[in-house]
Amino acid sequence: AVIVALQNAEEANASGELRVRFTEQNHIVSVTGPGKLDGQPFKINFEAALEAAERAEVFEEKLGTLVEAKGKVAKGDSNTQFTAWSDNTGVRYVEALVDQGDYGSSHRKLFYESGKLVFFSEKGQVRDTSSKAQGRMNLVETSISFSSLGKVEAASKMLNGKPAKLTPYDAPSVVEYAEMVRKAAEESKRTR
């Protein structure tokens, strides 16, 4: 956050102190604070309309104030160890380490609003099982933003540092995975 001290502005007599918060990409998140303009008190409380990825980034700063739960969940050959953070609305943020044995591993972040996934990111290694790749490990980075209705709003995928297209199965499998982890996190929270 940056503190901005207000002083006289041209012909207006202004004073006060405003707090300006930014994302890591220097987008303004909020501007808040009291002041006086020509003797009249005012208060600014500006919150930017952020994309899902930016909201997740800003929310990550609040994790220390939330209820934390750790757990594990498995599906097929895939094992996930996760840390989930919840508030009074339920699970809001999850960091997960996914181990798929010989098929790879990844680090995932999931951000939820009103119980629904709105942002997913993943960095990891995935074995290419196609015959021409001969089992080569690929570096994969994926991010997907979802609307409140569950529709993909934005997505990017990098394969070995080069842009790649999402497959028709990527977003649905992410949503299925996110719901499985959210339910496991809710259960972990209850059994603590």
Side-chain angles (χ1 to χ4, degrees), residues 1 18-33 43-76 78-100 106-124 140-158 165-192:
L18 302 177
R19 179 177 294 271
V20 183
R21 289 184 55 223
F22 298 90
T23 66
E24 286 183 13
Q25 287 79 28
N26 290 323
H27 295 117
I28 294 175
V29 174
S30 65
V31 179
T32 57
K43 184 173 183 175
I44 292 177
N45 190 11
F46 166 80
E47 295 286 331
L50 300 174
E51 299 294 324
E54 293 170 321
R55 292 194 313 272
E57 178 188 325
V58 170
F59 192 84
E60 200 169 351
E61 296 173 8
K62 301 176 184 179
L63 297 182
T65 65
L66 303 177
V67 175
E68 182 179 313
K70 294 183 182 287
K72 295 178 184 179
V73 66
K75 183 175 182 184
S78 179
N79 294 301
T80 297
Q81 291 186 336
F82 64 83
T83 303
W85 290 268
S86 302
D87 62 14
N88 60 345
T89 66
V91 173
R92 295 296 310 278
Y93 197 90
V94 172
E95 280 202 45
L97 296 175
V98 180
D99 180 359
Q100 297 175 318
S106 65
H107 177 242
R108 296 176 177 178
K109 293 182 179 183
L110 302 98
F111 176 57
Y112 303 81
E113 291 176 336
S114 302
K116 295 186 186 237
L117 180 68
V118 293
F119 180 71
F120 168 88
S121 71
E122 175 178 40
K123 291 181 182 179
V140 178
E141 290 186 46
T142 305
S143 67
I144 306 174
S145 298
F146 297 91
S147 72
S148 60
L149 299 174
K151 303 276 187 211
V152 173
E153 286 187 332
S156 71
K157 185 173 186 178
M158 301 290 283
K165 290 187 177 187
L166 288 180
T167 72
Y169 309 105
D170 286 337
S173 66
V174 161
V175 170
E176 180 183 328
Y177 174 82
E179 185 59 14
M180 177 185 72
V181 172
R182 187 191 66 75
K183 285 179 179 177
E186 290 287 351
E187 187 61 32
S188 283
K189 189 174 76 169
R190 280 193 288 275
T191 59
R192 286 180 24 153

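FYI, side chains are in, hydrogens and waters are out, and symmetry mates aren't considered; it's all heavy atoms of this structure.
- Between Ala171 and Val152, the closest heavy-atom pair is CB-CG2, 3.7 Å.
- Side chain of Arg92 to main chain of Tyr112: a donor-acceptor pair is present (N/O by atom type, distance under 3.5 Å, no hydrogens or angles).
- A 6.0 Å sphere centred on NZ of Lys157 holds more than 12 heavy atoms belonging to other residues, nucleotides or ligands.
- Distance check: Lys72 NZ to Asn79 CG gives 8.5 Å after rounding to the nearest 0.5 Å.
- In this structure, the side chains of Leu110 and Phe82 stay at 4.5 Å or more apart for every pair of heavy atoms.
- Arg182 places none of its side-chain heavy atoms less than 4.5 Å from the side chain of Val94.
- For the salt bridge (charged side-chain N to carboxylate O under 4.0 Å, His left out) test, residues two or more places apart in sequence or in another chain that qualify with Lys75 are Glu176.
- For the pair Lys183 and Glu186, the salt-bridge criterion is not met [side-chain N within less than 4.0 Å of a carboxylate O].
- Ring geometry, Tyr93 versus Phe111: the interplanar angle falls from 30° to 60°, so the pair is classed tilted.
- Of the charged side-chain nitrogens involved, none lies within less than 4.0 Å of a carboxylate oxygen, so that Glu153 and Lys151 do not count as a salt-bridged pair.
- Side chain of Ser106 to backbone of Arg108: no donor-acceptor contact under 3.5 angstrom is found.
- Closest of all the heavy-atom pairs between Ala84 and Val91 is CB-CG1, 4.4 Å.
- Between Phe119 and Leu117, the closest heavy-atom pair is O-CD1, 3.3 Å.
- A 4.5 Å side-chain heavy-atom check between Leu166 and Thr142 finds at least one atom pair inside the cut-off.
- Residues Ser78 and Tyr177 bring no donor and acceptor atom of their side chains to less than 3.5 Å of each other.
- Side-chain contact between Glu95 and Trp85 is present, with at least one heavy-atom pair separated by less than 4.5 Å.
- Rounding to the nearest 0.5 Å gives a distance of 7.5 Å between OG1 of Thr32 and CG of Leu18.
- One distance of note links NZ of Lys116 with OG of Ser147; it measures 9.0 Å at 0.5 Å rounding.
- Panel note: side chain Thr167, backbone Tyr169; a donor-acceptor pair is recorded below 3.5 Å.
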